[in-house]
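In what follows, a structure is listed as structure tokens, so that the remarks can point back to it.
These numbers come from the heavy atoms of this one structure, side chains and all, not from hydrogens, waters or symmetry mates. Numbers restart at 1 for each chain; the letters A, B, ... are given by sequence-line order, proteins then strands.
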2 protein chains.
Amino acid sequence: MRRETYNEFRRLCQEHNLAATHQREKIYEALVSRPGHYSPEEIYEQVKQDLPSISLATVYKNLKTFLHAGMLREVSPHHGSWRIDANRHPHHHLVCTHCRSITDLDFDSLGPVKLHGKLPSGFRLEKFTIEAQGICKACTAAETKQH
Amino acid sequence: MRRETYNEFRRLCQEHNLAATHQREKIYEALVSRPGHYSPEEIYEQVKQDLPSISLATVYKNLKTFLHAGMLREVSPHHGSWRIDANRHPHHHLVCTHCRSITDLDFDSLGPVKLHGKLPSGFRLEKFTIEAQGICKACTAAETKQH
DNA sequence: AATCCTTTAATAACTATTATCATCTGATAA
DNA sequence: TTATCAGATGATAATAGTTATTAAAGGATT
Ligand SMILES: [Mn+2]
Ligand SMILES: [Mn+2]
Ligand SMILES: [Zn+2]
Ligand SMILES: [Zn+2]
């Protein structure tokens, strides 16, 4: 691992009160040292090359820990199960990052996406979709109650 | 089912050479007759109220059939498995609707999202994310070869 | 009504994720 | 340095989500 990456890892662990274990170090490295948007399984395969006895459950658990600490992000806040949309009109979505609920947002309530320059060559664009991510009304209310 | 919805269903089935079965009718109705972004399991539960002997596999198969025919949409083209992003800088994504690959798109390559009016009250916005959906270079190349 | 082809129900198989728990280890202070 | 212990790990069972298989049933066409 690059010295710089290692130091950053130690710092992040300290900041978030996490033990800097070998497993966490390698999981972090597997993600940060190369581009891409990997699945837990892919990270597991990568880390196993250095730590053959690591458990897949450890990978899952630490990814959650890292996400919770804000050290990493998830690509999509609604990966859990397949969701079907019967609204065939162009429109956007409000997505709650807490309960994962999805509601329609009128197409005209957001301006068009402006492209500066060009997309990477070879990519055949079909459409832009915009998601407004945040906390829905119900979750905000539930949160407030607790305090 | 509303007469209008029923006629639309028959028309769509004819257009796409699909037998207009009871099961398909109820699956279509479960989606179209109410707002929301349902999972196959949720649709199954709804349809079972009318057709108690329907199989979950039938729901899955027909959702795929409908999607393929363009009668419905999926909310996200990358729901399959959890994907982690180690890039903490604000940025967007190119998503291939064919192979589901995800690549980064520089934040500045797209203009800011313009909000016309207000979001539904109670929703606490964290950020907008934009996905450029289309066919990636590799998939386009593979497609071209076949012809 | 008979035939053909599609669709369905049931269920096994498979993939993805989470829970459980005995054991181990990193961090801290003696 | 060693002892201590909360927190972390590995093994694996359990659960959730999806796909494959196949015999039987049902639309469509004649
Ligand atoms: Mn929608
Ligand atoms: Mn990214
Ligand atoms: Zn919510
Ligand atoms: Zn592709």
Show me the donor-acceptor pairs, under 3.5 Å and distance only, between side chains in residues 19-28 of chain B and residues at least two apart or in other chains.
unit_1   : atom_1 : unit_2   : atom_2 : d
Thr21(B) : OG1    : Arg24(B) : N      : 3.2
Arg24(B) : NE     : Asn62(B) : OD1    : 2.7
Arg24(B) : NH1    : Ala19(B) : O      : 3.0
Arg24(B) : NH2    : Asn62(B) : OD1    : 3.4
Tyr28(B) : OH     : Glu8(B)  : OE1    : 2.8

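Judged by distance alone, the side chain of Ser33(A) and the main-chain N or O of Glu29(A) form a donor-acceptor pair under 3.5 Å. Under a 3.5 Å cut-off, the side chain of Thr5(A) and the backbone N or O of Met1(A) do not form any donor-acceptor pair. Judged by distance alone, the side chain of Thr65(A) and the main-chain N or O of Lys61(A) form a donor-acceptor pair under 3.5 Å. Although no hydrogens or angles enter the test, the distance criterion places no donor-acceptor pair under 3.5 Å between the side chain of Arg124(B) and the main chain of Cys136(A).
In this structure, a donor-acceptor pair under 3.5 Å is absent between the side chains of Arg83(A) and Ser39(B). Using modelled atom types and a 3.5 Å distance limit, the side chains of Arg2(A) and Tyr6(A) yield no donor-acceptor pair. In summary, the side chains of His37(A) and Asp104(B) do present a donor paired with an acceptor at a separation below 3.5 Å, with no hydrogens or angles considered.
Below 30°, between 30° and 60°, or above 60°: for His93(B) and His91(B) the angle between ring planes is above 60°, a perpendicular geometry.
Rounded to 10 degrees, the angle separating the terminal axes of the helix from dA1(C)-dT30(D) to dA30(C)-dT1(D) is 40°, with each axis obtained from five end pairs.
Sorted by residue number, the members of residues 43-54 of chain B with any non-hydrogen atom under 4.0 Å from DNA chain C read Ser53(B), Ile54(B).
Salt-bridge annotation for Arg100(B) and Glu74(B): present, with a side-chain N of the basic residue lying under 4.0 Å from a carboxylate O of the acidic one.
Between Pro77(B) and Glu131(B), the shortest heavy-atom contact is CD-OE1, 4.1 Å.
Interface limits on DNA chain C: the 5'-most and 3'-most nucleotides within less than 4.0 Å of chain A heavy atoms are dA16(C) to dA27(C).
When hydrophobic clusters are built by joining Ile, Leu, Val, Met, Phe, Trp and Tyr residues whose side-chain heavy atoms come closer than 4.5 Å, directly or via intermediates, Val47(A) is grouped together with Leu18(A).
For NE2 of His116(B), the number of neighbouring non-hydrogen atoms (other residues, nucleotides, ligands) closer than 6.0 Å is greater than 12.
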Could you go through nucleotides 24-28 of chain D and list every protein N or O atom that sits under 3.5 Å from one of its N or O atoms, giving the distance for each pair?
none

Return the polar atom pairs (N/O with N/O) between nucleotides 12-20 of chain D and the protein under 3.5 Å, or none.
unit_1  : atom_1 : unit_2   : atom_2 : d
dT18(D) : OP1    : Trp82(A) : N      : 3.1
dT18(D) : OP2    : Tyr60(B) : OH     : 2.5
dT18(D) : O5'    : Tyr60(B) : OH     : 3.3
dT19(D) : OP1    : Lys64(B) : NZ     : 3.4
dT19(D) : OP2    : Lys64(B) : NZ     : 3.3

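Ring centers of Phe107(B) and His92(B): under 6.0 Å apart, within the cut-off. The distance between the ring centers of His68(A) and His16(A) does not fall below 6.0 angstrom.
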